[in-house]
Amino acid sequence: MEDLKNLSDHELLDLLKKYDIPHGPIVETTRQLYEKKLQNYLT
Amino acid sequence: TSQKHRDFVAEPMGEKAVGALAGIGDVLGKRLEDKGFDKAYVVLGQFLILRKDEELFKEWLKDTCGANSKQSGD
Amino acid sequence: TSQKHRDFVAEPMGEKAVGALAGIGDVLGKRLEDKGFDKAYVVLGQFLILRKDEELFKEWLKDTCGANSKQSGD
């Protein structure tokens, strides 16, 4: 989870697209949710 | 839907507090307020920014205030 | 207000693209789409999340897509 936190919004967005995870824009109130969803997906 | 929800949608949400939302009682309302989601329209904003995706929104609500599936469903 | 804005508010925003918003042309629209703000309702969500604070919203728009003060004012 740590390294996901270090990603830029753009990099996080690219990963969400790459793994076809439903998402919207990454803003302050959505970033944590998307980091968690990516983490779940990767593990 | 619940009477609370019918009351809510019967008029413009305006400046209604987050607790006016169906499924959001005192405990969940307080947790949401503590995270800046004190008004119903701010929660609507979050729903829109999650692209109106119900599953994403329910997951966000669970993570943010501990809503269970019934509460987030409401 | 511009004709574009009058056209926009004349009917529900539904699934309108972000480019339907007054002040958002092709260049700004593309930048917003690249960041996930492809629909007008998603931008509305951000405005609500920013508690309908116009100054905050204009600043966010400038940071996110480089809108100038006229464009963000529109």
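So you know, we letter chains A, B, ... as the sequences are listed, proteins then strands, and number each from 1.
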Practice task
For atom NZ of K16(C), decide whether the heavy atoms of other residues, nucleotides or ligands shown that lie under 6.0 angstrom number more than 12.
Solution key: yes

Exercise for the section: List the atom of Y41(C), the atom of R51(B), and the distance in Å for their closest heavy-atom pair. Expected result: OH-O, 3.6 Å

Exercise for the section: Apply the test side chain to side chain contact (heavy atoms under 4.5 Å, CB included) to residues Q46(B) and Q46(C): give CA-CA distance (whole Å), side-chain angles for both, the deciding distance (0.1 Å), then the verdict. Expected result: CA-CA 8 Å; Q46(B) 182 71 4; Q46(C) 179 65 0; over 6 Å; no

Exercise for the section: Measure across V42(B) and I49(C) and return the closest heavy-atom pair with its distance rounded to 0.1 Å. Expected result: O-CD1, 4.0 Å

Practice task
Using a cut-off of 6.0 Å, state whether more than 12 heavy atoms not belonging to D63(C) lie near its atom CG.
Solution key: yes

Practice task
Report the option among V43(B), L50(B), D38(B) that has the most heavy-atom pairs separated by less than 4.5 Å from atoms of chain C.
Solution key: D38(B)

Practice task
Would you please test K52(C) and K39(B) for side chain to side chain contact (heavy atoms under 4.5 Å, CB included) and show each step?
Solution key: CA-CA 11 Å; K52(C) 303 189 265 191; K39(B) 300 280 187 184; over 6 Å; no

Handout entry: Region of F37(B) in contact with chain C, defined by heavy-atom distances below 4.5 Å
Key = side chain

